[in-house]
Amino acid sequence: MALRPDVPVYCFRPDVLKADARRFMDAFPGETAYAVKTNGEPLVLEALAQAGVKTFDVASPGEFEAVRAVAPKAEMLYMHPIKAQSDIRLALERYGIRVLALDHEDEVAKILRIVRALDLDPGGITIFVRLQTKGSAAYELSKKFGAAPAHAVELLQRCHKIGFKVGLCFHVGSQIEDPETYERALASADWVRNRADVPLAGLDVGGGFPAEYGHDPRRKKRDMPGNDEIMTRLRSDLSEYGFSDMPLVAEPGRVVVARAFSLIVRVLLRKGRRLYINDGIWASLSDSWTGKITLPARFIPDPARVARNGNPEIISAFRVCGATCDSVDILSRPFWLPETVDTGDWIEIGHIGAYSLSLRTRFNGFYPDTFVEVTTPFDAGERAEGFASLETMAD
Ligand SMILES: Cc1ncc(COP(=O)(O)O)c(C=O)c1O
């Protein structure tokens, strides 16, 4: 209220981040490699390193450098299956990365060429073969990456024959919507392991662990167990399929960082049932838009506005338009807010730490970059009466 911010403000909660990271690390029976793409801000990586995260899943030179800058001793796993040759060289030569993923024989050839050029021993390098999976998630990653099981067998054997250490990895999709999805992936990994018949140096179960978001109160809540139960099932499936005795890795993103940030946006203008806000799909809100993710929202009325229309107890749907001059910058799903919301008010959107800051662009000259540190968790504040991004509304 004192600042009356006119630009979007990220509220960072380091204690929440550290607690969520520790909860994951305590529950997962292997190494936790935080997926930097989810939110690679230096303050996030620093807090995670302080919480005891020692391994990071990276995909680009920008991410190698971001991790190196805050955690020089941390191990980096280069889990992007399709990499530029110059980036592979940088990873191996400058950053000392020794774990890489792939899903195709041409990538084996690219890596091998650089390993030979640098005169490295392939036996000091672990190649994780990425396996395609089938599941149900807000984002299906196997549409883009992963070898089919028989192909994965061939890739494991090829890498083993060269002298690399080999492992298997998969990513069941981000924000899973089906608790059986890890079991299906493990069954497939088991099949591949048996056919390949080569010693496995590890299994990486990827990300996908769902973050806590809001849900539409008018609809039946999706029948998803919480993360504690998902992890209990995963541990028992790992043991059932005989993977629990080998080195295990997970690459969580959302579940670690979602609760650590909220975002305060301002209503620049109310036009009928439309709200024009100072953020949007080119800034922090593309993930909730494309992933159909419902976020909790808290209405913060501007006390300077004396006259208001409507009943503050009635929550209704508003079409939300973003900050840019672009007509695509309209959220396809409405925000639900008290009817009285108006020009100059603020909305605090909770649990928005994942794929928000990392996806913002400089399009049209807008780039939210204001941070404050907050100690109270979003849910411990005043009741959040609204939602960002519920089911589609008619115009
Ligand atoms: C290779 C890789 N690892 C880990 C993650 C993190 O996944 P999540 O945020 O679902 O935990 C992603 C996200 O898409 C990914 O592509």
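Ligands are counted one by one from 1 in listed order, and the atoms in each one are counted from 1 as well. Owing to the predicted nature of the structure, the values given are computational and were not obtained by experimental measurement. Side chains are part of it too, since the values below use all heavy atoms of this structure and drop only hydrogens, waters and symmetry mates.
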Quiz item: Hey, is the main chain of Thr340 close enough, under 3.5 Å, to the side chain of Arg308 for a donor-acceptor pair?
Solution: yes
Quiz item: So Arg254 and Tyr213, side chain to side chain donor-acceptor pair (under 3.5 Å) or not? Walk me through it.
Solution: CA-CA 10 Å; Arg254 280 181 196 281; Tyr213 291 123; 2.9 Å; yes
Quiz item: Taking only heavy atoms of Pro252, which atoms of ligand 1 are found under 4.0 Å from at least one of them?
Solution: 11 (O)
Exercise. Starting from atom 5 (C) of ligand 1, find the nearest protein heavy-atom neighbour and note its residue, name and distance.
Key: His171 NE2, 3.2 Å
Quiz item: Does Gly253 reach ligand 1 with a nitrogen or oxygen that is under 3.5 Å from one of the ligand's nitrogen or oxygen atoms?
Solution: yes
Quiz item: Any N or O on Met79 sitting closer than 3.5 Å to an N or O of ligand 1?
Solution: no
Quiz item: Which atoms of ligand 1 sit under 4.0 Å from any heavy atom of Ala35?
Solution: 4 (C), 5 (C), 6 (C)
Quiz prompt | Check ion pair Asp26-Arg23 (N to O, under 4.0 angstrom) | solution = no
Exercise. I would like to know whether Trp346 and Arg4 meet side chain to side chain contact (heavy atoms under 4.5 Å, CB included); could you show each step before the answer?
Key: CA-CA 9 Å; Trp346 292 274; Arg4 300 182 60 76; 3.8 Å; yes
Quiz item: What's the shortest distance from atom 9 (O) of ligand 1 to any protein heavy atom, and which residue and atom give it?
Solution: Tyr355 OH, 2.7 Å
Quiz item: Are Glu41 and Arg360 ion-paired here, with the side-chain N under 4.0 Å from a carboxylate O?
Solution: yes
Exercise. Determine, using heavy atoms of Val255 and all atoms of ligand 1, whether some pair is separated by less than 4.0 Å.
Key: no
Quiz item: Taking atom 16 (O) of ligand 1 as the point of reference, which of Glu251, Lys144, Lys37, Gln175 owns the nearest heavy atom?
Solution: Lys37
Practice problem: Show your reasoning for whether ring pair (Phe, Tyr, Trp, His ring centres under 6.0 Å) applies to Tyr34 and Phe24. | Solution: CA-CA 10 Å; Tyr34 171 70; Phe24 189 93; over 10 Å; no
Exercise. Just need the protein heavy atom nearest to atom 10 (O) of ligand 1, so name the residue and atom and give the distance.
Key: Ser174 OG, 2.7 Å
Practice problem: Using a strict 4.0 Å threshold on nitrogen-to-oxygen distance, state whether Arg270 and Asp345 make a salt bridge. | Solution: no
Quiz item: Is Arg130 in polar range of ligand 1, meaning some N or O pair under 3.5 Å apart?
Solution: no
Quiz item: Is it true that Gly206 lies under 4.0 Å from ligand 1, counting heavy atoms only?
Solution: no
Practice problem: Give a yes or no on whether the backbone of Gly206 and the side-chain of Asp204 come within a donor-acceptor separation of less than 3.5 Å. | Solution: yes
Exercise. Find all atoms of ligand 1 within a distance of less than 4.0 Å from any non-hydrogen atom belonging to Gly208, and give their numbers and elements.
Key: 7 (O), 8 (P), 10 (O), 11 (O)
